[in-house]
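Report on one structure; see the data block that follows.
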Protein chains: 2
Amino acid sequence: MSDTDFACCTPLTGTSMSTDQAEQVAPLLKALADPVRLRLVSLIASSEGGEACVCDLNEAFDQTQATISHHLKVLHAAGLLDREKRGVWVYYAVRPEALSAVATLFSTPAPAGASA
Amino acid sequence: MSDTDFACCTPLTGTSMSTDQAEQVAPLLKALADPVRLRLVSLIASSEGGEACVCDLNEAFDQTQATISHHLKVLHAAGLLDREKRGVWVYYAVRPEALSAVATLFSTPAPAGASA
DNA sequence: CCCCGACATCGATAATTGTCAATACGACGG
DNA sequence: CCGTCGTATTGACAATTATCGATGTCGGGG
């Protein structure tokens, strides 16, 4: 892995995206394109210090512990979450760089055709 | 369908997201979570008037015409693209509301250092 | 030392998806 | 009216994925 470097992508609008860029960002979107994972990220991001214990996360969902663990693994593998073991518990934290890489994608660069 | 109404979602960070919101936005992300579709949207968005003819789109990709047609259908079904037939050709156009719905997701709400 | 609680991994299964070749369909041009 | 071009649909297939039950692993408490 070690791809801590995210595509500092040009926005979706504005200029057309390169194949490489698309292939870099798509996995991030794919990781987020699930209701459970979306809520996981949201829950973690809105927790104290931007991190949350798996034990708390588990209780917030209907799915089994194995399923939640799987989703967290996917988000971690995509580089969206950091993982830290503290004693018996495991804490996941959002990686702002990853989120902002995606945010850049959807930021409108400049009003199209506004230049007269 | 007819869900021209997009979740005017709270950002991912800030407050934790409701199950309903997650289930509303996830399909949008899912539709975008593919390199080909990402490039399609980008290509269309950066075209004249925010729309593009399928005939041009086809030539910009290695995949077969059927595959491109399929991806366009997915994007259209998700509400991300509008479809208009003009004569023999079909034009797809981006739906800014859809994109901005997703953009809202990734917009950071809290300016900075609210509480120290 | 043994058990228990927190989390991850494994194995299995059903569902979804990306892709293509083949075919259908609708609009022109001759 | 027939052939052709642009696009969509169908059918098939391999690959991926979401989910679960069962089991493994690791750390702490008694």
### Task
Summarise how protein sits on nucleotides 6-14 of chain C as a single string, 5' to 3': B when a protein heavy atom is under 4.0 Å from the base, S for sugar-phosphate-only contact, - for no contact.
SBBB-----

### N/O (side chain, T64(A)) to phosphate O (OP1/OP2, dC20(D)) under 4.0 Å
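Indeed, a polar side-chain atom of T64(A) lies that close.
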
### Message
Using OP1 and OP2 only, check whether a side-chain N or O of R37(B) sits under 4.0 Å from dG18(C).
### Response
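For R37(B), the contact criterion (side-chain N or O under 4.0 Å from OP1 or OP2 of dG18(C)) is met.
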
I need the [atom1]-[atom2] distance between [X] and [N], as an integer number of Å.
{"X": "E59(B)", "N": "dC5(D)", "atom1": "CD", "atom2": "P", "result": "14 Å"}
{"X": "K30(A)", "N": "dT16(C)", "atom1": "NZ", "atom2": "P", "result": "16 Å"}
{"X": "D62(A)", "N": "dA18(D)", "atom1": "CG", "atom2": "C1'", "result": "15 Å"}
{"X": "L57(B)", "N": "dA8(D)", "atom1": "CG", "atom2": "C1'", "result": "15 Å"}
{"X": "E84(B)", "N": "dT7(D)", "atom1": "CD", "atom2": "P", "result": "13 Å"}
{"X": "L75(B)", "N": "dT17(C)", "atom1": "CG", "atom2": "P", "result": "13 Å"}

Rounded to the nearest 0.5 Å, what separation is found between the [atom1] atom of [X] and the [atom2] atom of [Y]?
{"X": "E51(B)", "Y": "D82(B)", "atom1": "CD", "atom2": "CG", "value": "10.0 Å"}
{"X": "R37(B)", "Y": "L81(B)", "atom1": "CZ", "atom2": "CG", "value": "10.5 Å"}
{"X": "I68(A)", "Y": "K73(A)", "atom1": "CD1", "atom2": "NZ", "value": "15.0 Å"}

### Query
Any side-chain heavy atom of L105(B) within less than 4.5 Å of one from L29(B)?
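Sidechains of L29(B) and L105(B): in contact.
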
### Query
Which word best sums up how the rings of H76(A) and Y92(A) line up, parallel for under 30°, tilted for 30 to 60°, or perpendicular for over 60°?
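H76(A) and Y92(A): perpendicular rings.
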
### 5' precedence on DNA chain D between V74(A) and G87(A) (nearest-nucleotide basis)
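Here V74(A) is the residue nearer the 5' end.
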
### Message
Go nucleotide by nucleotide along DNA chain D from the 5' end; which of Q63(A) and K85(A) gets its closest nucleotide reached first?
### Response
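With Q63(A) and K85(A) compared, the 5'-side residue is Q63(A).
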
Solution key, residues 52-67 of chain A side-chain donor-acceptor pairs under 3.5 Å, sequence neighbours excluded:
from	atom 1	to	atom 2	distance (Å)
N58(A)	ND2	V54(A)	O	3.4
T64(A)	OG1	T67(A)	N	3.3
T64(A)	OG1	T67(A)	OG1	3.1

### Task
Report the nucleotide, chosen from dT19(C), dA18(D), dT17(D), that has the shortest atom-to-atom distance to any side-chain atom of H71(A).
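Closest nucleotide among those given: dA18(D).
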
### Query
Is E84(B) atom CD crowded by more than 12 heavy atoms from other residues, nucleotides or ligands, each under 6.0 Å away?
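Yes, CD of E84(B) has more than 12 neighbouring heavy atoms, counting only those of other groups under 6.0 Å.
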
